[in-house]
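Have a look at the structure below before the remarks.
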Amino acid sequence: MNPALRKEYLEALGVTPWVLRAGKASEAAGVVAQALQAPPVEENLGWEQLRSRVAACTRCGLSKTRTQTVFGVGDQSADWLVVGEAPGAEEDRRGEPFVGRAGQLLDSMLRAIGLARGQVYIANVLKCRPPGNRDPAPAECTECLPFLERQIALLKPKIMLAVGRIAAQNLLKTDSPLSKLRQQEYRFGAARVPLVVTYHPAYLLRTPTDKRKAWEDLKFAREVYARVDR
Ligand code: URA
């Protein structure tokens with residue numbers, strides 16, 4: 001990427017550009033992620049059937065409080081899949097993931113590694129908003145994960161970026177804190193899709209001092225992507 005443009009993106013992210021020590025990111029150990037264990041959605045379901053299935057879902061109590069489901073958005077042939085936690089108030093109103101303040105920061109984070117929002121696919125672990133922006137309950141995640149799993153099977157991404165603890169822990173089936181999960185390359189599911197973890201943009205809005213670490217993670221993700229077969 002053009003260095004001046006890169007500097008501009010980093011400034012938009014609120015990160016002062018600096019140079020990562022040579023070799024650091026590429027030393028990260030590969031860890032194999034376990035496959036999702038929730039009941040699967042039928043393997044023959046296409047994008048539109050899946051979207052309808054999600055829109056009609058009553059698998060958990062969130063169906064009673066949602067305005068609408070938030071399926072996912074982006075290029076259905078994208079190499080990159082970004083996975084967040086759950087819709088917030090703005091997403092619940094508009095039916096699209098990451099359209100509030102956190103979404104604006106996510107867009108800047110993606111731009112910092114040369115990706116426009118329309119070039120990636122964005123989805124959440126939960127398709128419905130937890131009321132009052134509480135954390136998703138484990139049972140809600142278990143019920144909803146098969147939809148994401150089917151999205152992943154349809155999309156066949158070359159790389160997945162899990163943003164935040166909830167996305168990372170649910171995809172990797174772990175209780176480890178995010179600080180222990182970042183800066184490593186995992187492999188997701190039977191297709192062994194490379195998966196990298198970083199901070200949630202809503203967390204970064206509250207804790208801007210960690211934006212520098214998020215920038216390290218984004219660069220690491222870009223390195224992992226550069227190594228995948230395409
Ligand atoms: N936070 C998320 O994790 N997802 C959204 O869609 C919005 C905010």
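Note that ligands are numbered from 1 as they come in the structure, with each ligand's atoms numbered from 1 the same way.
- In summary, E185 and R227 engage in a salt bridge, as defined by a charged side-chain N under 4.0 Å from a carboxylate O.
- Taking every heavy atom of P97 and a limit of under 4.0 angstrom, the matching atoms of ligand 1 come to 6 (O).
- Below 4.0 Å from some heavy atom of H200 lie the following atoms of ligand 1, by number and element: 1 (N), 2 (C), 3 (O).
- Here Q151 pairs with K127 under the side-chain hydrogen bond (donor to acceptor under 3.5 Å, both in side chains) rule; sequence neighbours left out.
- The shortest N or O to N or O distance between P87 and ligand 1 is not below 3.5 Å.
- Here the protein heavy atom with the shortest distance to atom 4 (N) of ligand 1 is N124 OD1, 2.8 Å.
- For the residues G88, A123, A86, G84, the heavy atom positioned nearest atom 5 (C) of ligand 1 is part of A86.
- At a cut-off of 3.5 Å, with distance as the only test, a side-chain donor of Y203 or D210 sits close to an acceptor on the other residue.
- Side chain to side chain, D217 and Y199 fail the donor-acceptor criterion of an N or O pair below 3.5 Å.
- If you check the side chains of Y225 and E223, you find no donor sitting under 3.5 Å from an acceptor.
- Heavy atoms of E85 found under 4.0 angstrom from ligand 1 belong to the backbone as well as the side chain.
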